[in-house]
Amino acid sequence: MKKLLSNVNAYIGLQKALGADRLRYAALEAAGIQPGETVLDIGCGPAYYLDRLPSDITYHGFDTSQPYLEWAGRRFPSASFHHGIFDADAAAGLPEFDVVLMLGLLHHVDDAHAQELMRLCAEKLNPGGRLVTVDTCYSPGQGRISKWISDNDRGEFVRDADGFMALARGSFDKVDGRHLDSMRVPAAMWLMTSTV
Ligand SMILES: C[S@@+](CC[C@H](N)C(=O)[O-])C[C@H]1O[C@@H](n2cnc3c(N)ncnc32)[C@H](O)[C@@H]1O
């Protein structure tokens, strides 16, 4: 599966077949990105959802997968894509942002890395800026199939809502979230908005 998903078209096709693209669109709606705003997308993958955003934003995407970034760069030539993890050195070379997106990233990183990302995001956000994340989660009362999906996600750090909220609360004053069940398969997802 890992090998298959490194093929960009297979990754995007599977996202759409499962309805995982709907989670991305819900996250973008929650972010409320306006024309002229600056957006940082950490773990952007192929960023296939970028055509849903206003065309005159300033966008920076980071990912560790070169094939995903090459695809994204061809599809969205006016955006800036960076190969590598987003860390303090990378942050230092960038402007401040109105919105940070981490769509499907947090459940791939351990607590220490996630807390460092939260700290950097809070530092890089303008006043009134927001961080929006969406991730596979554990949810009380989730059915057997949904629990199986959470247990078998490619991400090794699937948490419950409190676990995700605790990561954000270390760096953000206001953290809100809600469960999403808009996929075509019964899967538990956590959409979270954090503001400085
Ligand atoms: C589930 S994919 C999500 C991609 C995209 N945001 C989306 O919603 O389709 C997670 C992405 O995070 C990238 N990734 C994993 N760890 C990372 C890290 N530490 N820094 C940057 N990207 C990372 C992976 O290469 C992968 O493309």
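Note that the coordinates shown come from a computational prediction; the quantities given were computed from them, not determined experimentally. Numbering of ligands and ligand atoms starts at 1, following listing order.
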Please list the nearest protein heavy atom to [atom] with its residue and the distance rounded to 0.1 Å.
atom	answer
atom 13 (C) of ligand 1	Asp63 OD2, 3.3 Å
atom 17 (C) of ligand 1	Leu105 CD1, 3.6 Å
atom 1 (C) of ligand 1	Gly104 O, 3.4 Å
atom 7 (C) of ligand 1	Tyr11 OH, 3.3 Å
atom 5 (C) of ligand 1	Cys44 O, 3.2 Å

Residues Arg159, Asp135: salt bridge by 4.0 Å N-O rule: no
Sub-6.0 Å ring centroid separation between Tyr59 and Phe76: no
Identity of the nearest option to atom 6 (N) of ligand 1, non-hydrogen atoms only, from Gly43, Gly45, Ala27: Gly43
Closest to atom 20 (N) of ligand 1 among Ile85, Leu106, Asp21 (heavy-atom distance): Ile85
Does the N or O separation between [X] and ligand 1 drop below 3.5 Å for any pair?
X	value
Tyr48	no
Thr64	yes
Tyr68	no
Arg24	yes
Ile42	no

Any Met102 heavy atom less than 4.0 Å to ligand 1: no
Nearest-0.5 Å distance, CG of residue Leu106 to SG of residue Cys137: 12.0 Å
Check against side chain to side chain contact (heavy atoms under 4.5 Å, CB included), Val185 and Ile145: CA-CA 9 Å; Val185 290; Ile145 298 174; 5.9 Å; no
Atom of Met165, atom of Asp176 and distance for their closest heavy-atom approach: SD-C, 4.4 Å
Heavy atoms of other groups near Asp181 CG, more than 12 under 6.0 Å: no
Glu29 CD: over 12 foreign heavy atoms closer than 6.0 Å: no
Test item: Asp63 side-chain N/O and Gly45 main-chain N/O as donor-acceptor pair under 3.5 Å: yes
Sidechain-backbone polar pair: Ser139 side chain, Gln142 backbone, donor-acceptor under 3.5 Å: no
Subset of ligand 1 atoms that lie under 4.0 Å from at least one heavy atom of His108: 1 (C)
Structural part of Ala47 in contact with ligand 1, heavy atom criterion under 4.0 angstrom: neither
Cation-pi geometry met for Arg75 and Tyr48 (6.0 Å, 45°): no
